[in-house]
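Worksheet: the structure to be examined is printed underneath.
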Amino acid sequence: MEHLIKKITEWIFVCQEKFYAKKYEKHLRNVKYSINNSTTKTHTQAGIKLTLNSKTEQNKKKLDKEVKEIVTKNLKTPNSLLDYIEENGTKVYKIPYAKKLLAFVGEQEGFITPITGINALVLNIVLEKKLSFKTAPMFVISTGQINIYNMAHQFHKWYGYRMGLPGFDDEAQEKFKKIFDYEIDANVQLLSYEEILSLKEAIHRDIEAIDFVMKLAKENEGAKKAFKNIKDGSDGANI
């Protein structure tokens, strides 16, 4: 059963990655304004030019290396990752009604970047017991067993946010979440060039997190041991 759960988890991430690739190719197929070389990335359109040096690529490699070290040490104790997150300044909420609450505000379990508006107010009232139309970054998950691979996916994104990688700014994340709610193709003319680039960066960050989890599962021979306390796929296992 443990081996089956591991295979099912890997299959979910493979399907998710394929879905993202197809979805984003459709929505952003007309947004190709970049040229690359080994050290820099230059994007141009309508007289606007943005050059990114290799620092971002270096940080991405550093991200994978550091996250892999941390997650590998805690494959059997995923709750330790939550402790690590809190120790580094991000509040963690582990509540039984997490799925319903987050569905109500249009979010998913795991790492939630800062949001604004009425949904932020709801989260602040319920979780923080305060009135505010902007949230701080937070981790919200259900109670119960933690799926180490889902947790690693969210941990990777949280770590990238803390490192300041592009694509985690508030506007980019807002548009990234809305990509499933409407056809961006029909609205692409409403986006500025900078907004398009930041949206593409947000997409890259999420796919990179999925790639990280897939590699982790394949490389770690003892990964299935992380599921020894999970009897089946419906026993409350979450993030």
Side-chain angles (χ1 to χ4, degrees), residues 55-56 59-60 62-64 66-71 74 77-181 191 194-195 197-210 212-213 238-239:
K55 185 64 175 179
T56 296
N59 284 340
K60 285 163 55 178
K62 179 180 179 183
L63 166 66
D64 279 355
E66 294 182 359
V67 170
K68 184 176 180 181
E69 290 178 354
I70 297 171
V71 172
N74 295 284
T77 56
N79 277 300
S80 296
L81 295 177
L82 298 178
D83 294 338
Y84 183 94
I85 290 167
E86 284 201 301
E87 290 169 1
N88 283 275
T90 300
K91 287 189 177 181
V92 174
Y93 299 93
K94 198 173 183 182
I95 52 179
Y97 52 89
K99 291 182 183 296
K100 292 183 179 179
L101 172 63
L102 295 176
F104 182 75
V105 298
E107 298 289 340
Q108 296 182 344
E109 284 190 79
F111 176 53
I112 301 175
T113 55
I115 63 173
T116 59
I118 189 66
N119 288 335
L121 178 63
V122 172
L123 286 181
N124 279 324
I125 291 176
V126 176
L127 301 176
E128 294 278 353
K129 312 302 181 187
K130 69 178 184 180
L131 298 176
S132 176
F133 286 92
K134 182 170 183 177
T135 64
M138 62 178 68
F139 235 87
V140 184
I141 64 173
S142 299
T143 53
Q145 294 286 347
I146 296 176
N147 182 308
I148 187 60
Y149 293 114
N150 289 338
M151 182 64 196
H153 175 240
Q154 296 297 314
F155 186 83
H156 188 280
K157 293 201 293 184
W158 169 79
Y159 209 95
Y161 173 84
R162 289 187 65 248
M163 287 182 64
L165 287 178
F168 285 112
D169 58 280
D170 296 353
E171 291 186 3
Q173 285 296 308
E174 180 181 359
K175 289 179 175 60
F176 171 70
K177 293 168 187 175
K178 287 182 178 179
I179 197 171
F180 297 104
D181 297 331
L191 301 179
E194 289 82 359
E195 288 175 327
L197 290 181
S198 65
L199 174 58
K200 292 180 74 175
E201 290 291 353
I203 293 169
H204 289 322
R205 298 295 85 79
D206 203 61
I207 291 179
E208 287 161 5
I210 294 174
F212 169 81
V213 173
N238 55 60
I239 289 295

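Fair warning: this is a prediction, and the values are worked out from it, not measured in the lab.
F212 and V67 make their closest contact through CZ-CG1, 3.4 Å (heavy atoms, listed as atom of the first residue, atom of the second, distance). Considering every non-hydrogen atom in both P114 and A136, the closest pair reads CG-C, 4.3 Å.
Partners of N79 according to the side-chain hydrogen bond (donor to acceptor under 3.5 Å, both in side chains) rule, which considers only residues two or more places apart in sequence or in another chain, are K94. Scored by the side-chain hydrogen bond (donor to acceptor under 3.5 Å, both in side chains) test, D64 finds H156 as partners (sequence neighbours excluded). Evaluation of the side-chain hydrogen bond (donor to acceptor under 3.5 Å, both in side chains) rule for Q154 yields no partner, not counting sequence neighbours. Qualifying ring-ring contact (aromatic ring centres under 6.0 Å, His included) partners for Y161, counting only residues two or more places apart in sequence or in other chains: F111. In this structure, the salt bridge (charged side-chain N to carboxylate O under 4.0 Å, His left out) partners of E208, at least two apart in sequence or on a different chain, are K60, R205. Partners of A98 by side chain to side chain contact (heavy atoms under 4.5 Å, CB included), not counting sequence neighbours, listed by chain and number: I95, E109, V140, S142. For E87, there are no side-chain hydrogen bond (donor to acceptor under 3.5 Å, both in side chains) partners two or more places apart in sequence or in a different chain. Here V122 pairs with L101, F104, V105, V126 under the side chain to side chain contact (heavy atoms under 4.5 Å, CB included) rule; sequence neighbours left out.
Within the model, atoms CD1 of I141 and CD1 of I112 stand 11.0 Å from one another, a figure rounded to the nearest 0.5 Å. T90 contributes atom OG1, which lies 10.5 Å from atom OH of Y84 (distance to the nearest 0.5 angstrom). Note that the CD atom of E86 and the OH atom of Y93 stand 9.0 Å from one another [nearest 0.5 Å]. Atom OH of residue Y159 and atom CD1 of residue I85 lie 11.5 Å apart, to the nearest 0.5 angstrom.
Every pair tested for salt bridge (charged side-chain N to carboxylate O under 4.0 Å, His left out) that includes a residue from residues 113-127 fails, sequence neighbours excluded, so the list is empty. Counting only residues at least two apart or on different chains, the salt bridge (charged side-chain N to carboxylate O under 4.0 Å, His left out) pairs with a member in residues 150-164 are K157-D206. Residues in residues 137-153 take part in no salt bridge (charged side-chain N to carboxylate O under 4.0 Å, His left out) pair, two or more places apart or across chains. Within the structure, salt bridge (charged side-chain N to carboxylate O under 4.0 Å, His left out) pairs that include any residue of residues 122-136 comprise K91-E128, K134-D170 (at least two apart or interchain).
Between the T135 side chain and the A120 main chain, no donor and acceptor come within less than 3.5 Å of each other. Under a 3.5 Å cut-off, the side chain of N74 and the backbone N or O of S80 do not form any donor-acceptor pair.
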Could you please spell out the steps behind the side chain to side chain contact (heavy atoms under 4.5 Å, CB included) verdict for F133 and T116? CA-CA 5 Å; F133 286 92; T116 59; 5.8 Å; no
Take N124 and L131 through the test side chain to side chain contact (heavy atoms under 4.5 Å, CB included) and record every step on the way to the result. CA-CA 6 Å; N124 279 324; L131 298 176; over 6 Å; no
Go through L123 and N119 one step at a time and tell me if the side chain to side chain contact (heavy atoms under 4.5 Å, CB included) criterion holds. CA-CA 6 Å; L123 286 181; N119 288 335; 6.0 Å; no
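The side-chain heavy atoms of L81 and I146, taken from C-beta on, include no pair separated by under 4.5 Å. For the pair I210/H153, a side-chain contact is recorded, criterion being any heavy-atom separation below 4.5 Å from C-beta on.
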